[in-house]
Amino acid sequence: MERILIGVEPDEHGWRIQLAGITLERNLKQPAALGRADDLARERHASTGLPTAVHMRMLCGDRVMLGMHG
């Protein structure tokens, strides 16, 4: 089963949260963006039963997988 990924990426004025290429929130500080993205991933897993995760693109371009649910 494919995992639903919620992305956290650097933005012009902070960090943004994306799902399937759609920006959900932006201009957040990094810790707030990670916390909110993890909440969204947890809620999505609880409502759909599908596995979810948060992945963050670092400033250097590397991607890190965080907050897996299911």
Side-chain angles (χ1 to χ4, degrees):
M1 187 176 298
E2 192 170 321
R3 190 171 294 275
I4 296 168
L5 299 176
I6 297 177
V8 176
E9 300 188 353
D11 198 6
E12 291 177 32
H13 302 289
W15 293 77
R16 71 175 165 228
I17 301 171
Q18 291 187 308
L19 175 61
I22 298 169
T23 299
L24 304 175
E25 296 184 37
R26 64 182 330 153
N27 301 328
L28 300 168
K29 294 194 182 293
Q30 185 187 37
L34 289 173
R36 180 67 180 129
D38 190 56
D39 290 345
L40 291 168
R42 185 180 315 105
E43 291 167 9
R44 182 74 177 242
H45 172 67
S47 67
T48 65
L50 299 173
T52 62
V54 174
H55 69 97
M56 182 174 75
R57 185 169 59 92
M58 307 295 287
L59 293 173
C60 65
D62 291 345
R63 292 193 181 270
V64 178
M65 186 77 69
L66 307 163
M68 291 193 271
H69 302 277

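None of these values were measured; they are calculated from a predicted model.
A41 and G67 make their closest contact through CB-O, 4.5 Å (heavy atoms, listed as atom of the first residue, atom of the second, distance). Between W15 and R57 the shortest heavy-atom distance is CZ3-O, 3.3 Å.
Tracing side-chain contacts under 4.5 Å through hydrophobic residues (I, L, V, M, F, W, Y), one never reaches V64 starting from L5; they form parts of separate clusters.
Rounding to the nearest 0.5 angstrom, the gap separating the OG1 atom in T23 from the CD atom in E9 is 8.0 Å. To the nearest 0.5 Å, atom CD1 of residue I17 and atom CD1 of residue I6 are 8.0 Å apart. Rounding to the nearest 0.5 Å places CD of E2 at 10.0 Å from CG of L50. Taken to the nearest 0.5 Å, the CG atom of L66 stands 10.0 Å off from the NE2 atom of H55. The structure places CG of L24 at 8.0 Å from CD of Q18, a figure rounded to the nearest 0.5 Å.
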Listing, residues 28-40 side-chain donor-acceptor contacts under 3.5 Å, not counting sequence neighbours, or none:
from: R36; atom 1: NE; to: E25; atom 2: OE2; distance (Å): 2.7
from: D38; atom 1: OD1; to: H69; atom 2: NE2; distance (Å): 2.8
from: D38; atom 1: OD2; to: R42; atom 2: NH2; distance (Å): 2.8
from: D39; atom 1: OD1; to: R42; atom 2: NH1; distance (Å): 3.1

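Taking the side chain to side chain contact (heavy atoms under 4.5 Å, CB included) definition, one finds that M68 meets it with R3, A53, M65, sequence neighbours left out. Checked against salt bridge (Lys or Arg N to Asp or Glu O under 4.0 Å), D11 has the following partners two or more places apart in sequence or in another chain: R16, R26.
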